[in-house]
Amino acid sequence: MTGAAAAGAAGGGPGPGTDAAGANVESATNATGAAEGAKKSGQELGSKAPAFIKRSRALHLSWQVGVFLVGLAVVGAGVAMLVLPGPGWVVIFAGMAIWATEFVWAQLVLRWTKRKVSEAAQRALDPRVRRRNLIITTIGVVICTALAAVYLWKFGLTMPWKIDQQ
């Protein structure tokens, strides 16, 4: 927090959320809060390009364009794999990880996704949820078995494409 914001928070300024000049500092606090949260988790936000690339603005910009294009190609391949054979979501997340090496927005999206996946895994381990899933699976297996039994009773072991030939 800046000195003026600290003074405002301590009661020496115009009010909460403003600095000595009356400007809103909550957005600045939120922006630095994300960076502070990243430092706490051991991951800093921003470019992970080598230092010699960061020194030159033109080289760093071309590096970012290259990373963006490679990530875009991987994400595009993942989107295609959603309708074609292949691990679509895994490839999409791999493309996001490529983008996250260079872009803060991708790092934040990837961090949010990891948090949501962890929360879902924790919910899946809840005994009530596991019991519900087991009951639903059992009901599904019973229904499929009953449908298979009705089919076998009505048609025998004849496959559907050979029914007309009988």
Student: Tell me the closest heavy-atom pair linking V91 and M81, and the distance in Å.
Tutor: CG2-SD, 3.7 Å
Student: Do L72 and W63 share a hydrophobic cluster, counting only Ile, Leu, Val, Met, Phe, Trp and Tyr and linking them when any side-chain heavy atoms are less than 4.5 Å apart?
Tutor: yes
Student: Within a reach of under 6.0 Å around CH2 of W105, are more than 12 heavy atoms found that belong to other residues, nucleotides or ligands?
Tutor: yes
Student: List in chain and number order the residues that pass side-chain contact (heavy atoms from CB on, under 4.5 Å) with L110, two or more places apart in sequence or in another chain; answer none if no residue qualifies.
Tutor: M96, A97, A100, K114
Student: Checking V90 now: which residues fulfil side-chain contact (heavy atoms from CB on, under 4.5 Å) with it, not counting sequence neighbours?
Tutor: P87
Student: With a sphere of 6.0 Å drawn around CZ of R57, does it hold more than 12 non-hydrogen atoms of other residues, nucleotides or ligands?
Tutor: no
Student: For I139, give me all partners under side-chain contact (heavy atoms from CB on, under 4.5 Å), at least two apart in sequence or on another chain.
Tutor: I135, I143
Student: What distance separates L134 CG from T138 OG1, expressed to the nearest 0.5 Å?
Tutor: 4.5 Å
Student: Taking only residues two or more places apart in sequence or in another chain, which ones pass salt bridge (charged side-chain N to carboxylate O under 4.0 Å, His left out) with K154?
Tutor: none
Student: Report the distance from atom CD of Q64 to atom OG1 of T101, rounding to the nearest 0.5 Å.
Tutor: 9.5 Å
Student: Roughly how far apart are R111 CZ and R115 CZ, rounded to 0.5 Å?
Tutor: 9.0 Å
Student: According to the ring pair (Phe, Tyr, Trp, His ring centres under 6.0 Å) rule, which pairs have a member within residues 122-145, sequence neighbours left out?
Tutor: none
Student: To the closest 0.5 Å, what do you measure between CD1 (I98) and CG (L69)?
Tutor: 11.5 Å
Student: Just verifying a value: how many Å separate H60 NE2 and E102 CD, rounded to the nearest 0.5 Å?
Tutor: 4.0 Å
Student: Do V75 and W89 land in one hydrophobic cluster if side-chain heavy atoms of ILVMFWY residues count as linked below 4.5 Å?
Tutor: yes
Student: State yes or no: do V109 and L82 share one hydrophobic cluster built from I, L, V, M, F, W and Y residues joined by side-chain heavy-atom distances below 4.5 Å, directly or via other members?
Tutor: yes
Student: Among pairs that include at least one residue of residues 65-84, which meet ring pair (Phe, Tyr, Trp, His ring centres under 6.0 Å), considering only residues two or more places apart or in two chains?
Tutor: F68-W99
